[in-house]
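Lettering of chains follows the sequences in order, A, B, ..., and the numbering in each one begins at 1. Just so you know, these numbers use all the heavy atoms, side chains as well, and skip hydrogens, waters and symmetry mates.
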Amino acid sequence: GAVVSQHPSWVICKSGTSVKIECRSLDFQATTMFWYRQFPKQSLMLMATSNEGSKATYEQGVEKDKFLINHASLTLSTLTVTSAHPEDSSFYICGGGNNEQFFGPGTRLTVL
Amino acid sequence: GIQVEQSPPDLILQEGANSTLRCNFSDSVNNLQWFHQNPWGQLINLFYIPSGTKQNGRLSATTVATERYSLLYISSSQTTDSGVYFCAVDPFSGGYNKLIFGAGTRLAVHP
C-alpha cells in the first residue's frame, strides 16, 4: 500500500503560538489529501480537503483562518494551527491515495 | 450528510473467539474501507471493499452495497487484535475520495 508520513509525531506548545504539521506522500502523487482530527475515545472527524495548487475545502464548522492548509506540491500538504489554545489539543491525522486511502501516523498536539 | 453506524460499540472477547462487526451506511457510496487503529493511533488498512467479499488471513469482509452495510469478521481472535475498528465510506460526493468515519468498535481480546 501507499505510504504517508507526518511530522512531527508529537508537539507541545504554549497557548497563542502556531504549530505546523507536515504530511508527505512518499510513494504516490497526491492532488488531494485530507486532514482529520480525533479527540480521545472519539472517531476521526474530517476537517478539510487539501488541494494541490488551489485553496483547501473546509468542512462545516472548521475555521479556515485558524487551520491554515497549504498544498504546494504533489507530495506535501501542511496544516498550521494558528494561535493555538488548549481546546485545539488533539490528534491530527492526514491521509491520501488514488482510490484506497492511506493515513499517516498522526501528530499529537498538546497546547498548554 | 451520510450517516455511518457501527455496532457493537464495544466488544470483549476471549482469545480464540470469533466476532462480527457491522457497519451500516445511509446512502450510496463509492468506496468503503475498514481500518484497525492501534494503541499508538496509527490507522492500519484492513480492507478496501466497496462491494463483494475479501479475505486476508483470519480477517474477512463483506459489503452488500445495495443494502448499505458491510461486515468485518475476525476469526480465532488474538490479543494483538485489540484496538478500535473503524468503517469509513466515501459518499458519492463528486470527485473526491474523502472518507467519513463511523464511531468505531472498541475490541478487547483477553488471554
Side-chain angles (χ1 to χ4, degrees), chain A residues 1-6 8-10 21 23 25 28-52 54 56-62 69 71 77 89-110, chain B residues 1-10 21 23-25 29-52 54 56 61 63 70 82-108:
Chain A
V3 181
V4 177
S5 71
Q6 265 184 260
S9 55
W10 61 270
I21 303 170
C23 176
S25 55
F28 67 99
Q29 294 187 325
T31 54
T32 57
M33 297 198 79
F34 303 96
W35 287 95
Y36 293 80
R37 180 167 53 180
Q38 184 180 32
F39 292 107
K41 307 247 184 248
Q42 294 188 22
S43 185
L44 283 78
M45 298 299 297
L46 179 65
M47 298 176 66
T49 302
S50 172
N51 303 303
E52 188 267 335
S54 65
T57 305
Y58 291 83
E59 296 298 305
Q60 192 171 7
V62 177
I69 291 173
H71 195 146
S77 174
S89 298
S90 189
F91 190 59
Y92 293 86
I93 308 176
C94 68
N98 292 321
N99 290 303
E100 184 174 1
Q101 299 294 298
F102 294 86
F103 289 84
T107 297
R108 197 164 301 279
L109 170 63
T110 302
Chain B
I2 195 168
Q3 303 298 312
V4 184
E5 296 181 352
Q6 290 187 243
S7 59
D10 297 281
L21 282 58
C23 173
N24 292 333
F25 43 98
V29 299
N30 285 319
N31 170 24
L32 186 145
Q33 291 183 236
W34 283 97
F35 298 90
H36 176 209
Q37 188 170 40
N38 67 20
W40 298 272
Q42 174 77 59
L43 285 174
I44 298 166
N45 287 44
L46 298 178
F47 294 101
Y48 167 72
I49 187 165
S51 64
K54 291 186 177 180
N56 184 2
T63 297
S70 183
S82 297
V84 184
Y85 289 80
F86 287 107
C87 164
V89 302
D90 170 22
F92 279 122
S93 53
Y96 294 136
N97 294 326
K98 66 180 181 181
L99 293 178
I100 306 301
F101 282 74
T105 292
R106 192 170 299 273
L107 173 64

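Looking at A/Phe91, only its side chain comes within 4.5 Å of chain B, counting heavy atoms on both sides. No part of B/Gln6 comes within reach of chain A, as not one of its non-hydrogen atoms sits under 4.5 angstrom from that chain. Both the backbone and the side chain of A/Leu44 come within contact range of chain B, judged by heavy atoms closer than 4.5 Å. Looking at A/Gln42, the atoms closer than 4.5 Å to chain B (heavy atoms on both sides) all sit in the backbone: N, CA, C or O.
For the options A/Thr31, A/Ile93, A/Asn99, heavy-atom pairs under 4.5 Å to chain B are most numerous at A/Asn99. Contact count against chain A (heavy-atom pairs under 4.5 Å) is highest for B/Leu99 among B/Asn31, B/Ile100, B/Leu99. Ranked by heavy-atom pairs shorter than 4.5 Å toward chain B, the options A/Glu100, A/Lys41, A/Met45, A/Arg108 are led by A/Glu100.
Across all non-hydrogen atoms, the minimal contact from A/His71 to A/Ser50 is ND1-OG, 2.7 Å.
Counting heavy atoms from C-beta on, the side chains of B/Cys23 and B/Val4 come closer than 4.5 Å. When side chains are defined from C-beta on, A/Met47 does not count as touching A/Ile69, because their heavy atoms never get closer than 4.5 Å.
For B/Phe101 and A/Tyr36, the gap between ring centers is short of 6.0 Å.
B/Gln37 and A/Gln38 share a side-chain donor-acceptor pair at under 3.5 Å.
Of the charged side-chain nitrogens involved, none lies within less than 4.0 Å of a carboxylate oxygen, so that A/Glu59 and A/Arg37 do not count as a salt-bridged pair.
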